[in-house]
Peer 1: 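Let me begin by handing over the structure; questions about it come next.
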Amino acid sequence: MLLLTLCGFITASAQTATKMEAESATYENCKLIEDGKYSEGKALELTESYAKITFSYAAAESGKYNITVGYDGLYGDKVVNLTVNGNAATFNTTEKGPGEAVVGPYLMNQGDNTIEITPSWTWFRIDYITIANSESGVQFDIAQTPVDANASDAAKAIYAFLYDNFGKKTISGIMTGDMDKANGDVTQHPDVQAVYQASGKYPALVGFDFMNATGTHETEEWYKDFTDKNIALAKDLYRRGGLPAFTWHWRDPSRKTGDFYVKIDGKPACTTKISDAMNADGSWNTSSELYQNMVKDIHTVADYFLDLQNEGMACIFRPLHEASGGWFWWGTDDGASYAKLYQLIVDEMVNVKGVHNVIWVWNPCDAGDADWNPGEDCYDVVSIDIYNDAYDYSSNYTAFDQLKTLTTGKKIIALSENGPIPDIDKEFEEDAVWSWWMPWYQTWNGGFVDKTSKEEWTKCMNDSRVITLEDLSAGWPTAIESSKFKVQSSKLEVNGAIYDLQGHCLMAIPAKGLYIQNGKKQLVK
């Protein structure tokens with residue numbers, strides 16, 4: 001059914017809240033509901049995927065605004081898209097019946113602004129929206145050291161690098177896919193080369209995947225070769241001063257399938273659930289085959305990290321990504337079960353296997369996934385995955401601000417998967433300077449490098465506020481085999497001498513011992 005009404009612009013002082021009724025907006029493919037339980041007795045019902053409500057709002061001054069949405073969830077948890085001037089975010093209708101959700105903050109222009117509500121999941125009602133100046137008091141208060149109290153020197157150095165650059169610069173990245181032509185030189189990998197060909201620079205962060213390290217085929221030659229090539233490239237990247245970042249598409253630990261997706265081409269694939277390895281009270285059923293397989297898989301991945309650790313290297317790790325999405329088996333239970341599995345991975349790797357060279361990343365599917373938070377003592381970085389349309393270089397500042405609120409400003413924030421890269425000018429203009437971004441791979445018919453124009457690639461990769469591999473050519477200072485060093489913000493103290501994070505000696509060369517100068521190891525006898 002197509003119903004359409006028209007409304008005029010509403011102007012309000014930025015200091016006061018403005019309430020706008022849904023039925024007074026412009027709307028398409030919505031059903032007008034007249035029921036006394038709603039504000040002004042009316043609401044709009046969205047049952048079609050192409051339904052849309054459009055509000056026009058004239059702000060007295062530019063700035064960030066929160067939008068409170070009055071809704072009726074009807075059947076419970078539905079996902080709603082809310083877009084302001086093209087900047088999109090989502091919220092969930094968690095209540096069956098009338099409820100409210102605060103979304104934002106959104107940047108609004110002085111004067112006219114367009115607010116659109118569309119369904120991601122249909123069957124809910126919108127009653128009204130209220131617009132008010134954002135008065136979020138959340139300020140960043142990020143720890144200067146990793147959550148792992150026994151973090152290796154290399155992990156401390158990487159964390160210090162992330163900490164010092166957060167809010168000042170963005171680290172460029174790319175995900176890798178096809179490994180058939182990998183030869184151990186990360187700069188020659190076709191995904192990395194695609195970025196170089198587009199921009200003339202190499203990305204500083206490169207993503208790798210443990211997708212073939214565990215599962216029903218883990219002992220087969222091609223699968224082992226895939227993982228080994230990932231590790232070889234990660235080591236080469238680290239030696240060049242880059243940042244290896246690992247994801248784990250964890251194949252079915254029950255071994256009933258070789259999948260990680262719940263459905264493939266609309267048909268059931270992996271049906272394993274986290275709760276299948278739990279007792280009725282939510283504790284782990286340690287005698288179950290599934291639990292034991294999970295631990296075995298965790299230890300397998302831990303051994304790869306230990307290989308890097310034994311060579312003095314560190315990396316970034318993003319397990320159980322896109323938490324609440326529901327398309328991976330680890331996202332089909334509730335947030336509490338997910339959190340327990342994340343905590344199990346951390347405990348088994350850190351406390352059982354002795355992995356201390358990892359910077360931990362928690363990657364919710366939605367920036368409002370508070371119930372899926374594994375605990376701030378489990379991760380160093382919070383991240384989100386956003387795939388805008390090709391050539392859409394939005395900063396995605398709304399998601400950035402939501403993640404800041406979600407973690408009360410205590411974590412570094414990254415864009416761990418994306419299509420087109422955010423425009424670096426927009427990142428700074430809209431106060432959403434991501435720690436890093438990482439477009440998905442170009443290979444395997446991904447084509448994600450091509451979703452950013454060569455002009456935009458060249459502009460951003462040659463901007464001094466974007467860190468490329470060329471900026472890190474001195475390498476990490478972990479070539480110091482026998483010296484102990486501690487991280488002091490953006491500097492390293494080694495045997496009494498001070499170095500920057502790329503190994504350049506700043507002052508006080510030690511009277512005796514190993515040190516690094518101009519990226520080369522030196523020895524004073």
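Here the structure is a predicted model, which means the values were calculated and not measured.
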Peer 1: Would you say the side-chain atoms of Asn165 pair up with the backbone N or O of Phe161, donor to acceptor, closer than 3.5 Å?
Peer 2: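 Yes: the side chain of Asn165 pairs with the backbone of Phe161.
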Peer 1: Could you verify whether a donor N or O on one side chain and an acceptor N or O on the other, from Thr114 and Asn85, lie under 3.5 Å apart?
Peer 2: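 Absent: no donor and acceptor within the cut-off.
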Peer 1: Of the options Glu430, Glu429, Glu427, which is the one that meets Ser395 in a side-chain hydrogen bond (donor to acceptor under 3.5 Å, both in side chains)?
Peer 2: Glu430
Peer 1: Report the C-alpha distance between Tyr196 and Tyr202 in whole Å, list the side-chain angles of each, state the deciding distance to 0.1 Å, and finish with yes or no for ring pair (Phe, Tyr, Trp, His ring centres under 6.0 Å).
Peer 2: CA-CA 5 Å; Tyr196 180 79; Tyr202 291 107; 4.3 Å; yes
Peer 1: Side-chain contact test, heavy atoms from C-beta onward, threshold under 4.5 Å: evaluate it for Phe166 versus Ile142 and give yes or no.
Peer 2: yes
Peer 1: Heavy atoms, side chains only, cut-off 4.5 Å: are Pro364 and Trp372 in contact?
Peer 2: no
Peer 1: For a quick test of reading the model, state the closest non-hydrogen atom pair linking Ile129 to Ile115 and the distance between them.
Peer 2: CD1-CD1, 4.1 Å
Peer 1: Going by the rule side-chain contact (heavy atoms from CB on, under 4.5 Å), which residues pair with Ala414 if we only count those two or more places apart in sequence or in a different chain?
Peer 2: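 Per chain and number, Ala414 pairs via side-chain contact (heavy atoms from CB on, under 4.5 Å) with Val381, Ser383, Ser435, Trp436.
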Peer 1: Among all residues two or more places apart in sequence or in another chain, which pass the ring pair (Phe, Tyr, Trp, His ring centres under 6.0 Å) test with Trp250?
Peer 2: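 Ring pair (Phe, Tyr, Trp, His ring centres under 6.0 Å) list for Trp250, sorted by chain: Trp248, Trp329.
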Peer 1: Just verifying a value: how many Å separate Phe400 CZ and Thr405 OG1, rounded to the nearest 0.5 Å?
Peer 2: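 Between Phe400 CZ and Thr405 OG1, I get 10.5 Å after rounding to 0.5 Å.
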Peer 1: List the atom of Glu218, the atom of Ala213, and the distance in Å for their closest heavy-atom pair.
Peer 2: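 Scanning both residues, the minimum pair turns out to be CB-O, 3.5 Å.
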Peer 1: Which atoms form the tightest heavy-atom contact between Ile126 and Ala22, and what is the distance?
Peer 2: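 Here Ile126 and Ala22 meet closest at O-CB, 3.4 Å.
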Peer 1: What pair of heavy atoms forms the shortest contact from Asp366 to Ile384, and how long is it?
Peer 2: C-CD1, 4.2 Å
Peer 1: From Asp185 CG over to Leu233 CG, what is the distance, rounded to the nearest 0.5 angstrom?
Peer 2: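 These two atoms lie 8.0 Å from each other.
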Peer 1: With salt bridge (charged side-chain N to carboxylate O under 4.0 Å, His left out) as the rule and sequence neighbours excluded, what pairs involving residues 390-411 come up?
Peer 2: Lys64-Asp401, Glu376-Lys410
Peer 1: Is it true that the side chains of Asn109 and Ser62 contain a donor and an acceptor less than 3.5 Å apart?
Peer 2: no
Peer 1: Would a 4.5 Å heavy-atom cut-off, applied to side chains only, mark Ile274 and Trp330 as touching?
Peer 2: yes
Peer 1: Taking only residues two or more places apart in sequence, or in another chain, which ones meet Asp178 in a salt bridge (charged side-chain N to carboxylate O under 4.0 Å, His left out)?
Peer 2: none
Peer 1: Quiz question: by atom type and distance under 3.5 Å, do the side chains of Glu100 and Tyr128 form a donor-acceptor pair?
Peer 2: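 Glu100 vs Tyr128: donor-acceptor pair found between side chains.
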Peer 1: Between Cys315 and Ile158, what is the shortest heavy-atom contact and its length?
Peer 2: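 In terms of heavy atoms, the two residues are closest at N-CD1, 4.1 Å.
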Peer 1: What about the rings of Phe317 and Trp360, do their centers lie closer together than 6.0 Å?
Peer 2: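 Ring centres of Trp360 and Phe317 closer than 6.0 Å.
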Peer 1: With ring centroids as reference points, do Tyr65 and Tyr106 lie under 6.0 angstrom apart?
Peer 2: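 No, too far apart.
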Peer 1: Atom CG of Asp77 and atom CG of Asn92: how far apart are they, to the nearest 0.5 Å?
Peer 2: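 With rounding to 0.5 Å, CG (Asp77) is 4.5 Å from CG (Asn92).
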Peer 1: Are Arg240 and Asp236 within salt-bridge range, i.e. N to O under 4.0 Å?
Peer 2: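 Salt bridge between Arg240 and Asp236, a charged N being under 4.0 Å from a carboxylate O: yes.
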Peer 1: Of all residues at least two apart in sequence or in a different chain, which pass the side-chain contact (heavy atoms from CB on, under 4.5 Å) check with His249?
Peer 2: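 For His249 the side-chain contact (heavy atoms from CB on, under 4.5 Å) partners, ignoring immediate neighbours, are Asp209, Met211, Thr247, Phe260, His321, Phe328, Trp440.
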Peer 1: Going by ring pair (Phe, Tyr, Trp, His ring centres under 6.0 Å), name the residues that satisfy it together with Phe208, two or more places apart in sequence or in a different chain.
Peer 2: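 Scan of Phe208 (ring pair (Phe, Tyr, Trp, His ring centres under 6.0 Å), adjacent residues dropped) gives Phe246.
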Peer 1: With ring pair (Phe, Tyr, Trp, His ring centres under 6.0 Å) as the test, would you mind laying out the steps for Phe226 and Phe210 before giving the verdict?
Peer 2: CA-CA 9 Å; Phe226 179 91; Phe210 285 121; 9.8 Å; no
Peer 1: When you compare the side chain of Thr130 with that of Ile67, does any pair of heavy atoms fall below 4.5 Å?
Peer 2: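 They are not in contact (no side-chain heavy atoms under 4.5 Å apart), so the answer is no.
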Peer 1: With sequence neighbours left out, what residues match Asn373 under side-chain contact (heavy atoms from CB on, under 4.5 Å)?
Peer 2: Trp362, Tyr379
Peer 1: Quick one: is the NZ or CZ of Arg465 closer than 6.0 Å to the six-membered ring centre of Phe428, and within 45° of its axis?
Peer 2: yes
Peer 1: Using side chain to side chain donor-acceptor pair (under 3.5 Å), reason through Thr227 and Asn230 one step at a time and then give a plain yes or no.
Peer 2: CA-CA 5 Å; Thr227 305; Asn230 274 268; 5.6 Å; no
Peer 1: Is the closest basic N to carboxylate O distance between Asp463 and Lys169 below 4.0 Å?
Peer 2: no
Peer 1: My understanding is that only residues two or more places apart in sequence, or in another chain, count here; which of them pass salt bridge (charged side-chain N to carboxylate O under 4.0 Å, His left out) with Lys229?
Peer 2: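 With neighbours one apart ignored, the set is Asp225.
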Peer 1: Give me the one residue out of Thr176, Asp180, Asp191 that meets side-chain hydrogen bond (donor to acceptor under 3.5 Å, both in side chains) with Thr443.
Peer 2: Asp191
Peer 1: So, taking the atom named CD in Glu28 and the one named CD in Glu116, what distance separates them when rounded to the nearest 0.5 Å?
Peer 2: 8.5 Å
Peer 1: Going by ring pair (Phe, Tyr, Trp, His ring centres under 6.0 Å), name the residues that satisfy it together with Tyr387, two or more places apart in sequence or in a different chain.
Peer 2: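 Residues passing ring pair (Phe, Tyr, Trp, His ring centres under 6.0 Å) with Tyr387: Phe448.
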Peer 1: For a 4.5 angstrom cut-off between non-hydrogen side-chain atoms, does Leu205 reach Trp437?
Peer 2: no
Peer 1: Can you find a heavy atom in the side chain of Val301 that is under 4.5 Å from one in the side chain of Met349?
Peer 2: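 Side chain of Val301 against side chain of Met349, heavy atoms only: contact under 4.5 Å found.
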Peer 1: Does Phe91 have any ring pair (Phe, Tyr, Trp, His ring centres under 6.0 Å) partners at least two apart in sequence or in another chain, and if so, which?
Peer 2: none
Peer 1: Does any non-hydrogen side-chain atom of Ile117 lie less than 4.5 Å from one of Leu44?
Peer 2: no
Peer 1: With no hydrogens and no angle check, is any side-chain donor or acceptor of Asn357 less than 3.5 Å from a backbone partner on Phe305?
Peer 2: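 Here the side-chain-to-backbone pair exists.
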Peer 1: So, using side-chain contact (heavy atoms from CB on, under 4.5 Å) as the criterion, who are the partners of Lys201 when residues are at least two apart?
Peer 2: Ser199, Met461, Asn462, Thr468, Glu470
Peer 1: Could you state the interatomic distance from CG (Leu308) to CE (Met313), rounded to the nearest 0.5 Å?
Peer 2: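 It is 7.0 Å, given to the nearest 0.5 Å.
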Peer 1: Do Asp369 and Ser324 meet the criterion of a side-chain donor-acceptor pair at a distance under 3.5 Å?
Peer 2: yes
Peer 1: Identify, with sequence neighbours excluded, every residue that meets salt bridge (charged side-chain N to carboxylate O under 4.0 Å, His left out) alongside Asp148.
Peer 2: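 If we apply the salt bridge (charged side-chain N to carboxylate O under 4.0 Å, His left out) test to Asp148, skipping adjacent residues, there are no hits.
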Peer 1: Looking at Ala399 and Ile386, what are the two nearest heavy atoms and their distance?
Peer 2: CB-CD1, 3.7 Å
Peer 1: When you check the gap from the basic side-chain N to the acidic O, do Lys459 and Asp425 get nearer than 4.0 Å?
Peer 2: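 So Lys459 pairs with Asp425 through a salt bridge.
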Peer 1: Between Asp389 and Lys451, does any side-chain N to carboxylate O distance fall below 4.0 Å?
Peer 2: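 No, no charged N to carboxylate O under 4.0 Å.
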Peer 1: Could you check if a side-chain atom of Ile467 sits within less than 4.5 angstrom of a side-chain atom of Thr170, using non-hydrogen atoms only?
Peer 2: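 Not in contact.
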Peer 1: Can you tell me how far apart NZ (Lys273) and CG (Leu341) are? Round to the nearest 0.5 Å.
Peer 2: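 Going from the NZ atom of Lys273 to the CG atom of Leu341 covers 13.5 Å.
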Peer 1: Will you find, in the side chains of Asn388 and Asn396, an N or O donor that is under 3.5 Å from an N or O acceptor?
Peer 2: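 On atom types as modelled, these side chains qualify, holding a pair under 3.5 Å.
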Peer 1: List the steps, then state whether side-chain contact (heavy atoms from CB on, under 4.5 Å) holds for Lys52 with Thr26.
Peer 2: CA-CA 8 Å; Lys52 180 168 68 174; Thr26 300; over 6 Å; no
